[in-house]
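What follows is a short report on a single structure.
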Amino acid sequence: MTPFTEQVINIIKKIPKGTVMTYGQIAALAGSPRGARQVVRILHSMSKKYRLPWHRVVNAKGEIALGDEEGRYTQKALLQEEGVLFVDGDRINLSVYRHEPVLEGER
DNA sequence: GCCATGGCTAGTA
DNA sequence: GCCATGGCTAGTA
């Protein structure tokens, strides 16, 4: 497993309940600003094995990015259970729910 | 190697 | 545009 992959897994594991992060945000934090699509794949292939809160990851617009209808429904439901509110359909207000991790240096 | 394929995204128009 | 992956050919050995 590459360092990038490990980073991504660690970052996702730490997303607090009731908040979300975006693919690009996670990629950048893991050291690869253009690795958003890789985050997608990692999420897809590792979320089960590593018990990742996959539902707390959305696209840059704050929308649920899943293509699968049932998956979208599930993700939305999981987020709502954590108190996240949706506006017109499948979007959430990122300025309210986005999780901004504290960097090592400033802790 | 080549090429298509994504649960994307910054930055034009 | 980006960029790792996976499937599939060339084309060496």
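Chain A is the first sequence line, chain B the second, and so forth, proteins listed ahead of strands; every chain is numbered from 1. Only a predicted model underlies this, so the values are computations on that prediction, with no experimental measurement involved.
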Q | Q75(A) versus R72(A), side-chain donor and acceptor atoms under 3.5 Å | A |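 Distance-only check fails for R72(A) and Q75(A).
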Q: Return yes if some donor-acceptor pair links the side-chain N/O of K76(A) with the main-chain N/O of G89(A) below 3.5 Å, else return no.
A: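 Checked: pair present.
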Q: Taking Y97(A) for its side chain and L85(A) for its backbone only, find out whether a donor-acceptor pair lies under 3.5 Å.
A: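 Looks like yes, one N/O pair under 3.5 Å.
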Q: Kindly compute the distance separating CG (L52(A)) from CG (L43(A)), expressed to the nearest 0.5 Å.
A: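 Those atoms lie 6.5 Å apart.
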Q | From CD (E6(A)) to CD1 (I11(A)), nearest 0.5 Å | A |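 The CD1 atom of I11(A) is 11.5 Å from CD of E6(A), to the nearest 0.5 Å.
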(Q) On a heavy-atom basis, which atom in W54(A) and which in G71(A) lie closest, and how many Å separate them? (A)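 Scanning both residues, the minimum pair turns out to be CH2-O, 4.4 Å.
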Q. What is the minimum heavy-atom distance between L29(A) and P101(A), and which atoms define it?
A.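 Between these two residues, the closest heavy atoms are CD2-CG, 3.5 Å.
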Q: Represent DNA chain B in dot-bracket notation, 5' to 3'. Only Watson-Crick or G-U wobble pairs with both distances under 3.5 Å count; pseudoknot-style crossings use [ ] and interstrand partners use |.
A: ||||||.|.....
Q | Residues within residues 76-95 of chain A bordering DNA chain B, heavy-atom distance below 4.0 Å | A |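 Within residues 76-95 of chain A, no residue comes under 4.0 Å of DNA chain B.
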(Q) Can you list, in residue-number order, the parts of residues 16-49 of chain A that come under 4.0 Å of DNA chain B, counting heavy atoms only? (A)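 Under 4.0 Å from DNA chain B: T22(A), Y23(A), G24(A), A36(A), R37(A), V40(A), L43(A), H44(A).
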Q. Salt bridge (Lys or Arg N to Asp or Glu O under 4.0 Å) with R34(A): which residues, sequence neighbours excluded?
A.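 By the salt bridge (Lys or Arg N to Asp or Glu O under 4.0 Å) rule, R34(A) matches no residue at all.
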Q: Tell me, please, the opening and closing nucleotides of DNA chain B, 5' to 3', among those with an atom under 4.0 angstrom from a non-hydrogen atom of chain A.
A: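 Here the contact window of chain A covers dG6(B) to dT9(B).
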Q | CD (E100(A)) with more than 12 external heavy atoms under 6.0 Å | A |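 Counting other residues, nucleotides and ligands, CD of E100(A) exceeds 12 neighbours.
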Q. Looking at side-chain heavy atoms only, is the closest gap between F4(A) and V39(A) below 4.5 Å?
A.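 Of all side-chain heavy-atom pairs linking V39(A) with F4(A), at least one is under 4.5 Å.
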(Q) Here's a test for you: under side chain to side chain contact (heavy atoms under 4.5 Å, CB included), which of E63(A), K61(A), R98(A), H99(A) qualifies with T22(A)? (A)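 Answer after filtering E63(A), K61(A), R98(A), H99(A): R98(A).
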Q: Go through the structure and list residues passing side-chain contact (heavy atoms from CB on, under 4.5 Å) with A36(A), not counting sequence neighbours.
A: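 A36(A) satisfies side-chain contact (heavy atoms from CB on, under 4.5 Å) with Y23(A) once adjacent residues are dropped.
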